Amino acid sequence: MLAGSLPMLLLRTVSELGKLADRTSVLDEWPDDERRTLVTLYALDGELREQGFMAVASNAAGRTVAERIFMFNHEGLRALTPPEAQRLVPRPGLRRRLRSVLSVLALGLLFVGCGSTGPTVSPAGGSPTAFEVNGCPVVAPKTLPSGAPAGEPVTAADGRIAWGAGTDLVIEAIGQLALGDPDTLGVPPDSDQRVEIRGNPGVVLPIGDEGVGEIAIVWEAGSCRYTIWLAPGERLKEAITYAASL
Amino acid sequence: MSHYSTAPRRGYVMVHHAGYPNAHLDNTQVFCNYDGGKSYDFQIRWDGTIVRCAAWDDAVGAHALGCNCQAEGILLMGCFGGCTSGNVAAPSAAQECSLAYVMAHLGTSGVSDRLRPHRNCSYWNPCANPSPTATECPGRNLTNTSTTNQNWNADGVAFRNRILSKRTCWLAHCRCSCSGQCPS
């Protein structure tokens, strides 16, 4: 796994936030050469699991220099403010006690692709509720293929974002993690598999055969490339309809 | 040798992959049942087990629009590129051996263009289907993704050539386990 840039504006301080992370569940890890730290993403523990993750930067001595919690909401991914994060920390009994104040102002995140330099993930334009990968906004589906509300993303691993589960699963990749230029995938110009996704031309491409394998929806919006995969078993006609609804 | 010689579509063999994560680990699914109108003629599991489907001797297949009138459709369990996860680089040696076995028993010619990837079907379209399906199948690890060439890539050509070589072995009744050269 390779590193990208990690814009940290202020480093310090260890807090009880560490209790919220499941240190046995490392989602991703990369060195930040610029700041000479190791950035590790941990799953959150207990009932917070699947709701977000914790990013921890540690120095060469293994000492934590910064921590930040990121939680999913209906608009995407958001970094919690220090007070919000502190409220999540379990307190023993009725006694509340703060050991230190978290004062990290910002953390950039990297998701690593398949053996390539990872994209830079950051809050978009200063907004805490937007989410971008290499400057490309996440396209959150309104519904799942079943018609159920898409809700919040349930995973963000390997640089991909997912909604739903099982046969009603939608997985999105942005940038170099996607399948590539839709015009290179062999879909004829007049094919029903040519679709428009939010006004952008794209294609619907079975990875295997319909009803057996996954089906991909591939498009470009300006310089941003996207791929959405629908779960195995989806039919091509329904996938085409779903693509238009994104 | 050709005990599948009554197959009307044995002139060509079209290779499919399952196209879902970790499909190579799946030894339970059988895709022979015309589910949603689709059925392969043969299915080959990662360990080389051959599942012969009822469609193998039908006049028209149900595995690839545009090629169902001409080709036997053989499903290799695995995802050879393009899946969200659980991809494998290529079919297993056991799958290659079994694919070659099926080709030999169908009596399909050893000419190289008789073994085609599903991806090629929308370009080849021998059955003149007005809208053959464009697909990633059997995966970008074996096939080209380009505007003009939707056929075997270099790794796919190597795979095809190994199949044709092993087919020859089977025709010679070699018991070479398909992992190497036939004994002279």
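Everything numeric in this text was worked out from a predicted model, so none of it was measured. Side-chain atoms are counted along with the backbone in the values below, which use heavy atoms only and exclude waters and symmetry mates. Chain identifiers are assigned alphabetically (A, B, ...) following the order of the sequence lines, protein sequences preceding nucleic acid strands; residue numbering begins at 1 within each chain.
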* Looking only at atom types and distance, does a side-chain atom of A/Thr184 sit under 3.5 Å from a main-chain N or O of B/Thr145, one as donor and one as acceptor? -> no
What one should report as the nearest heavy-atom pair of B/Tyr20 and A/Pro232 is CB-CG, 3.4 Å
**OP:** Apply the test side-chain hydrogen bond (donor to acceptor under 3.5 Å, both in side chains) to residues A/Asp209 and B/His63: give CA-CA distance (whole Å), side-chain angles for both, the deciding distance (0.1 Å), then the verdict.
**Re:** CA-CA 8 Å; A/Asp209 295 317; B/His63 61 94; over 6 Å; no
Cut-off 3.5 Å, side chains only: do B/Thr84 and A/Glu214 have a donor facing an acceptor? yes
Original post:
Any donor-acceptor pair under 3.5 Å linking the side chain of B/Arg119 with the backbone of A/Gly186?
Top reply: no
Bottom line for B/Pro132: the part with an atom under 4.5 Å from chain A's heavy atoms is backbone
Here the gap from A/Ile171 atom CD1 to B/Ser85 atom OG, rounded to the nearest 0.5 Å, amounts to 6.5 Å
Could you tell me whether a side-chain N or O of B/Glu136 sits under 3.5 Å from a main-chain N or O of A/Gly208, the two making a donor and an acceptor? no
Applying a strict 4.5 Å limit to non-hydrogen atoms, the region of B/Thr135 in contact with chain A is both
Under 4.5 Å to a heavy atom of chain B? For A/Ile215 that would be neither
Report the C-alpha distance between B/Arg140 and A/Leu179 in whole Å, list the side-chain angles of each, state the deciding distance to 0.1 Å, and finish with yes or no for side-chain contact (heavy atoms from CB on, under 4.5 Å). CA-CA 10 Å; B/Arg140 54 187 47 208; A/Leu179 288 181; 3.8 Å; yes
Check for a donor-acceptor pair, side chain of B/His17 on one end and backbone N or O of A/Ile207 on the other, with a separation under 3.5 Å. yes
